[in-house]
Structure formats: structure tokens, C-alpha cells
Amino acid sequence: GVERLRAVPLALLPAGRGLVLRALIVAALLLPLGAGAAPARDSGGVPVAFVAVETTSQVVAVDLTTKRVVDRIAVPAGPHNVATTGDLRYLLVTSPPSKSVTLLDSFTGRIVQTFGGFGRPLDVAVQGRHAFVTDGRSNFLVVIDLDFRAVGPRIVVPRRPQSVAVGDVALVTHSPPNPYITIIDLGAPGPLRPGWRPRLAVAAERGARDVVEQPDTAYAYVTGRRSGGVAAIDWGRGGVPRWWRRVGSRVEYVSFDYY
């Protein structure tokens with residue numbers, strides 16, 4: 001059958017070590033999954049995709065070589081988005097219906113901790129030892145300290161935060177009717193009290209959807225679901241648009257790759 005899928009991190013399953021992630025996110029896929037599970041290979045590296053399956057409340061590991069399911073991890077209801085930690089050891093999974101974020105050990109496939117107290121956690125991104133979660137109901141960007149495994153400061157942002165990308169700054173999109181992208185400086189005055197600046201994203205004139213940062217640059221790319229466009233912005237210059245292109249209708253997710 002066909003299962004409804006959300007965010008998919010590409011992973012690597014090496015022999016004798018369990019799951020090691022490569023931190024590549026592919027979003028909003030609809031894929032058929034096999035009914036069985038395949039064991040890990042005895043030698044060599046096996047590419048594995050971790051998939052948040054909303055309808056069955058699972059994170060599913062799919063062997064991309066054999067195209068078979070190799071693991072199913074039960075998580076709180078309605079898993080939505082997935083991100084990996086910088087050391088490639090852990091997964092973070094948002095579950096909006098459950099108002100929680102789950103930390104998974106990618107080596108063992110077990111839940112390490114579940115963080116509660118969210119209104120509607122939507123997206124999650126990781127920078128260093130902190131995870132950043134958009135809470136669409138409470139209008140916060142919530143910081144999770146991964147060293148202490150505790151929910152930290154809640155950064156107040158404009159209404160209806162949706163997607164987040166994190167690098168030198170955090171970039172937050174907002175659901176309609178909010179057409180702005182929020183730029184949060186994580187370098188000064190520090191992660192506990194960052195300053196934020198709302199800027200109009202060209203592709204988001206009728207509501208932004210997703211955002212991704214281009215590594216080692218001040219550039220980012222934003223989709224506008226209703227406008228059907230993609231914009232390149234320069235967050236180093238306060239979100240100045242570089243270009244905008246209409247690419248279709250109901251434009252959802254965006255990812256960046258140098259290839």
C-alpha cells in the first residue's frame with residue numbers, strides 16, 4: 001500500500017554500527033513502502049532513508065539499495081518533520097498532534113527522550129548542540145539544549161511560525177496571512193536572547209512555506225505556496241531579494257545542493 005510520508009533524512013547504515021546519518025533532508029514525498037523488513041548488510045555501507053509516517057505514527061528506515069523497510073520506530077502521534085544532529089548520532093522528530101518533539105538514537109533505533117510542552121511543533125533544525133523548533137500555536141521558536149536534553153529559551157517571533165532553517169542565523173517562515181520571513185541573529189547577543197528582524201520574502205507575498213540556507217554564504221531560498229514561486233534572498237543584507245521565479249502552483253518544500 002501507499003503510506004503518507006513527510007520529511008526524509010538520508011542516512012548511512014554501516015556494518016556493525018547501526019545507523020549513521022548524512023544529514024540530507026528531502027521533504028514532502030509520497031512513497032510506496034514494502035511490507036517486510038530487511039536486515040542490515042554484513043559489510044559495506046547501505047544508504048537508508050528515515051521517513052516520518054504520519055498515518056501510522058512511526059519513523060521508518062528504508063534501505064535505498066533494496067528498497068525495503070529495515071526498521072519501524074513508534075513515536076508520538078502524527079510525526080511531521082525530521083532533522084539530524086551535527087554528530088550524525090541522533091534524530092529529532094516533531095509531532096504536532098502530540099505537542100511533542102522526540103529525540104531518537106539513530107544507532108539503536110530507540111527513543112532517548114520526548115520533549116513536551118509545545119503548542120504545535122512543526123519544523124525542527126539543528127545547529128551545534130541546539131535544536132530549534134517552530135511552535136505554530138504559541139508563536140515561539142523553541143530552543144532545545146541537546147547536551148542537557150532540556151527545553152531552553154522560547155524566542156518570541158511574529159505570528160504563525162512554520163518552517164525554520166539554521167546556520168549563522170535562524171530563518172523562520174510564517175503561515176498565511178503573515179507574508180514575512182523572520183531573521184534571527186544567533187551570534188549576538190547570544191542564543192538565550194537573540195534579536196529578530198521581520199523581512200518580506202518576495203516568494204512569500206501570499207504566504208511563505210519553506211526555507212533553506214546555502215551553506216557558507218548569506219543566501220537562502222524561500223518557497224511561496226500560494227504564489228507558486230521560489231525566491232533567493234540575502235539575509236546578510238536584511239533579507240534583500242536576489243531573484244524570484246515562478247515555478248508552478250502549490251509550491252511546498254525546497255532543498256539546496258551544489259550539484
Side-chain angles (χ1 to χ4, degrees), residues 5-11 21-29 49-52 80-86 88 91-94 121-128 130-134 136 141 155 157 160-176 178-187 194 196-248 250-259:
L5 311 183
R6 277 294 187 182
V8 185
L10 186 64
L21 304 180
R22 291 182 54 197
L24 173 63
I25 302 297
V26 181
L29 301 183
F50 281 101
V51 184
H80 186 72
N81 275 337
V82 183
T84 64
T85 56
L88 310 180
L91 290 168
L92 287 112
V93 185
T94 61
L122 294 175
D123 198 12
V124 57
V126 178
Q127 175 72 1
H130 294 91
F132 297 81
V133 182
T134 54
L141 180 65
I155 304 167
V157 295
R160 309 189 70 174
Q162 184 169 234
S163 296
V164 59
V166 180
D168 293 330
V169 299
L171 303 174
V172 179
T173 65
H174 302 268
S175 299
N178 189 338
Y180 291 91
I181 185 167
T182 300
I183 305 170
I184 303 172
D185 186 352
L186 299 178
W196 58 266
R197 294 165 291 157
R199 292 290 184 269
L200 181 65
V202 174
E205 289 179 353
R206 298 174 62 190
R209 181 61 184 91
D210 196 22
V211 60
V212 63
E213 294 190 34
Q214 182 175 334
D216 303 318
T217 73
Y219 301 147
Y221 304 92
V222 184
T223 59
R225 182 179 184 183
R226 294 186 179 183
S227 67
V230 177
I233 65 171
D234 185 340
W235 58 257
R237 299 177 61 190
V240 174
R242 298 177 61 216
W243 51 258
W244 177 86
R245 299 288 186 277
R246 180 175 174 82
V247 296
R250 295 181 61 86
V251 178
E252 296 278 352
Y253 297 94
V254 60
S255 184
F256 177 84
D257 192 288
Y258 281 104
Y259 296 101

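Along the sequence shown, residues carry numbers from 1. Here the structure is a predicted model, which is why all the values come from computation and not from measurement.
The OG1 atom of Thr182 sits 9.5 Å away from the CG atom of Leu141 when rounded to the nearest 0.5 Å.
With contacts defined as side-chain heavy-atom distances shorter than 4.5 Å, the pair Leu91/Thr84 qualifies. Between Asn81 and Val93, every side-chain heavy-atom pair lies at or beyond the 4.5 Å cut-off. In this structure the side chain of Leu92 reaches within 4.5 angstrom of the side chain of Thr85, judged on heavy atoms.
Heavy atoms only, all atoms of each residue included: Val133 and Thr94 are closest at CG1-CG2, 4.3 Å. Here the closest non-hydrogen pair linking Trp244 and Ala231 is CD1-CB, 4.0 Å. Val126 and Gly128 get closest at one heavy-atom pair: CG1-O, 3.7 Å. Summarising the geometry of Gly136 relative to Leu122, their closest heavy-atom pair is CA-CD1, 4.1 Å, with the distance given to 0.1 Å. The two residues Phe132 and Val164 come nearest to each other via the heavy atoms O-CG1, 3.7 Å. Nearest approach of Glu213 to Ala165, heavy atoms of both residues: OE2-O, 3.3 Å.
Checked by atom type and distance alone, the side chain of Thr173 pairs as donor or acceptor with a backbone atom of Ser163 at under 3.5 Å. Under a 3.5 Å cut-off, the side chain of Asp210 and the backbone N or O of Glu252 do not form any donor-acceptor pair.
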Taking it one step at a time, do Val251 and Arg209 satisfy side chain to side chain contact (heavy atoms under 4.5 Å, CB included)? CA-CA 8 Å; Val251 178; Arg209 181 61 184 91; over 6 Å; no
Residues Trp235, Asp168; criterion side chain to side chain contact (heavy atoms under 4.5 Å, CB included); working and verdict: CA-CA 10 Å; Trp235 58 257; Asp168 293 330; 3.7 Å; yes
Worked check of side chain to side chain contact (heavy atoms under 4.5 Å, CB included) between Asp234 and Tyr219: CA-CA 5 Å; Asp234 185 340; Tyr219 301 147; 3.8 Å; yes
Step by step, work out the side chain to side chain contact (heavy atoms under 4.5 Å, CB included) result for Thr223 and Val230. CA-CA 5 Å; Thr223 59; Val230 177; 4.1 Å; yes
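The aromatic rings of Trp243 and Tyr221 lie tilted to each other, with the angle between the two planes from 30° to 60°.
In this model, no donor atom of one side chain and acceptor atom of the other lie less than 3.5 Å apart for Thr134 and Gln162.
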